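Working notes for the structure below.
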Amino acid sequence: LWLRVAMADGEVPKCCRNRGGVQRVESKLRASVEKGDYYEAHQMYRTLFFRYMSQSKHAEARELVYSGALLFFSYSQLNSAADLSMLVLESLEKSEAKVADELLENLGKLFSLMDPNSPERAAFVSRALKWSSGGSAKLGHPKLHQLLAVTLWKEQNYSESRYHFLHSADGEGCANMLVEYSASKGYRNEVDMFVAQAVLQFLCLKNKNTASLVFTTYTEKHPSIEKGPPFIQPLLNFIWFLLLAVEGGKLTVFTVLCEQYQPSLKRDPMYIEYLDRIGQIFFGVAPRQTSSYGGLLGNLLNSLMGTGEEDEVDGEGPEDVNPIDLD
């Protein structure tokens with residue numbers, strides 16, 4: 001009632017010209033929530049939000065609904081909180097706000113408080129990542145991916161956490177999550193496969209520095225892996241040698257590795273897909289023509305004969321490489 005009267009008298013725009021005005025409004029809305037008037041308070045947050053937006057007061061609008069969402073989360077009013085969280089995104093989408101760590105951390109905070117099984121959370125993630133990438137076709141800001149990954153890790157949603165870590169730059173965090181994932185969900189004879197897939201996928205994304213950090217951290221911290229290199233597990237030795245080969249850029253080394261470690265590489269059919277991409281990106285290998293294992297090595301050998309033994313490339317592969325599913 002207080003807010004309806006104030007708006008009718010035109011007092012809200014006057015008192016909300018600065019942060020002090022926003023704080024006064026927030027204190028009254030907070031009092032309504034504390035009294036249990038959740039529905040009315042929610043509607044008043046929405047009314048004020050759209051009033052601010054119509055006046056192009058995007059920052060004030062965002063601050064209002066962000067604090068409101070946190071307040072509703074603290075009172076377990078998840079639907080109202082999720083609705084206001086979506087309004088935070090709307091204010092970002094319609095304003096000229098630049099992507100900044102503080103804004104990304106705010107979005108990460110809201111995500112962490114949402115019901116993991118709610119449809120609103122999935123919609124929130126999709127819109128947040130799109131905004132963080134500047135509306136381009138990119139997959140979202142690495143910092144936001146890292147924040148999402150950490151929350152999902154805490155929820156023991158390892159597969160989703162892994163996806164977001166892949167699109168971040170947090171190699172150490174990714175490795176620590178994979179150690180926990182392997183120890184709690186994997187078989188002992190698969191400890192090498194957990195990190196091998198991650199390293200290969202990071203390389204497919206042209207992120208060789210993070211790939212190296214993931215491998216080093218994982219092999220140092222996993223309780224079932226004896227110190228190396230060299231390692232007892234052949235697949236780990238292959239990944240170790242591959243990372244060295246990527247740094248050198250020599251096609252001969254890459255070819256020999258794929259030939260010598262065929263038994264290990266046959267453990268997962270996706271390894272060949274990843275190595276085909278890695279060959280194109282870092283070693284100048286032409287795209288393979290068949291889906292068979294022999295097709296990959298055949299292409300490698302053909303490229304070797306055509307380019308010369310010591311040819312090197314700069315590690316920046318062709319931009320039109322066909323995409324690979326990294327889920």
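These numbers were taken from a predicted model, which means no experiment stands behind them.
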Does Val256 share a hydrophobic cluster with Leu236, counting links as ILVMFWY side-chain heavy atoms below 4.5 Å and allowing steps through other members? no
Can you find a pair of side-chain heavy atoms, one from Leu235 and one from Arg267, that are under 4.5 Å apart? yes
Keeping the roles fixed (side chain from Ser132, backbone from His141), state whether a donor-acceptor pair exists under 3.5 Å. yes
Does either side chain, that of Gln201 or that of Arg162, offer a donor lying less than 3.5 Å from an acceptor on the other one? yes
Student check: side-chain heavy atoms of Leu144 and Leu148 closer than 4.5 Å: yes
Centres of the Phe215 and Phe241 rings: under 6.0 Å? no
Taking atom SG of Cys258 and atom CZ of Phe238, what is their separation to the nearest 0.5 Å? 5.0 Å
For the backbone of Glu40 and the side chain of Asp37, can you confirm whether one donor and one acceptor N or O come within less than 3.5 Å of each other? no
Would you sort out whether His145 and His164 count as a side-chain hydrogen bond (donor to acceptor under 3.5 Å, both in side chains), showing the intermediate values? CA-CA 5 Å; His145 275 294; His164 288 291; 2.9 Å; yes
Do the non-hydrogen side-chain atoms of Leu147 and Leu107 ever get within less than 4.5 Å of each other? no
Just checking, any donor-acceptor pair under 3.5 angstrom between side chains of Ser182 and His222? yes
Pair Ser67, Glu26: side-chain N/O donor-acceptor within cut-off below 3.5 Å: yes
To the closest 0.5 Å, what do you measure between NZ (Lys143) and CG (Leu103)? 12.5 Å
Between Asn176 and Glu180, is any side-chain donor less than 3.5 angstrom from a side-chain acceptor? no
Answer yes if the ring centres of Phe124 and Phe111 are under 6.0 angstrom apart, and no otherwise. no
Is the closest side-chain heavy-atom distance between Arg46 and Asp83 below 4.5 Å? yes
Run the numbers on Asp276 and Gln280 for side-chain hydrogen bond (donor to acceptor under 3.5 Å, both in side chains), then give the verdict. CA-CA 6 Å; Asp276 184 62; Gln280 295 174 50; 2.9 Å; yes
Ignoring hydrogens, what is the shortest heavy-atom contact between Pro234 and Tyr261? Give both atom names and the distance. O-CE2, 3.2 Å
Passes salt bridge (charged side-chain N to carboxylate O under 4.0 Å, His left out), Glu90 versus Lys94? Steps please. CA-CA 6 Å; Glu90 183 173 332; Lys94 293 183 177 180; 3.1 Å; yes
The criterion is salt bridge (charged side-chain N to carboxylate O under 4.0 Å, His left out); which residues satisfy it with Glu93, sequence neighbours excluded? Arg127
I'd like to know whether Glu172 forms a side chain to side chain contact (heavy atoms under 4.5 Å, CB included) with Asp170, so could you lay out the CA-CA distance, the side-chain angles of the two residues, the decisive distance to 0.1 Å, and finally the verdict. CA-CA 6 Å; Glu172 185 174 0; Asp170 185 4; 4.2 Å; yes
Parallel, tilted or perpendicular, judged at 30° and 60°: which one describes the rings of Trp153 and Phe165? perpendicular
With Glu155, which residues qualify under salt bridge (charged side-chain N to carboxylate O under 4.0 Å, His left out), at least two apart? Arg121
Any Tyr271 side-chain heavy atom under 4.5 Å of Met193 side chain: yes
For Leu84, does its backbone N or O pair with a side-chain atom of Tyr66 as donor and acceptor, under 3.5 Å? no
Heavy-atom check, side chain of His42 versus side chain of Gln77, under 4.5 Å: no
Can you tell if the side chain of Leu275 reaches within under 4.5 Å of the side chain of Phe254, non-hydrogen atoms only? yes
Using atom types as modelled and distance alone, determine if a side-chain donor or acceptor of Ser126 lies under 3.5 Å from a backbone N or O of Ala123. no
Within a reach of under 6.0 Å around CG of Asp115, are more than 12 heavy atoms found that belong to other residues, nucleotides or ligands? yes
Does some side-chain heavy atom of Thr217 sit less than 4.5 Å from a side-chain heavy atom of Leu213? yes
Electrostatic pair Glu105-Lys109, nearest N-O below 4.0 angstrom: no
Ignoring hydrogens and geometry, is there a side-chain-to-backbone donor-acceptor pair from Thr151 to Ser112 under 3.5 Å? no
Would you say the side-chain atoms of Asn207 and Thr210 include a donor-acceptor pair closer than 3.5 Å? yes
Under the criterion side chain to side chain contact (heavy atoms under 4.5 Å, CB included), which of Val199, Val214, Leu244, Thr219 is the partner of Ile239? Val199
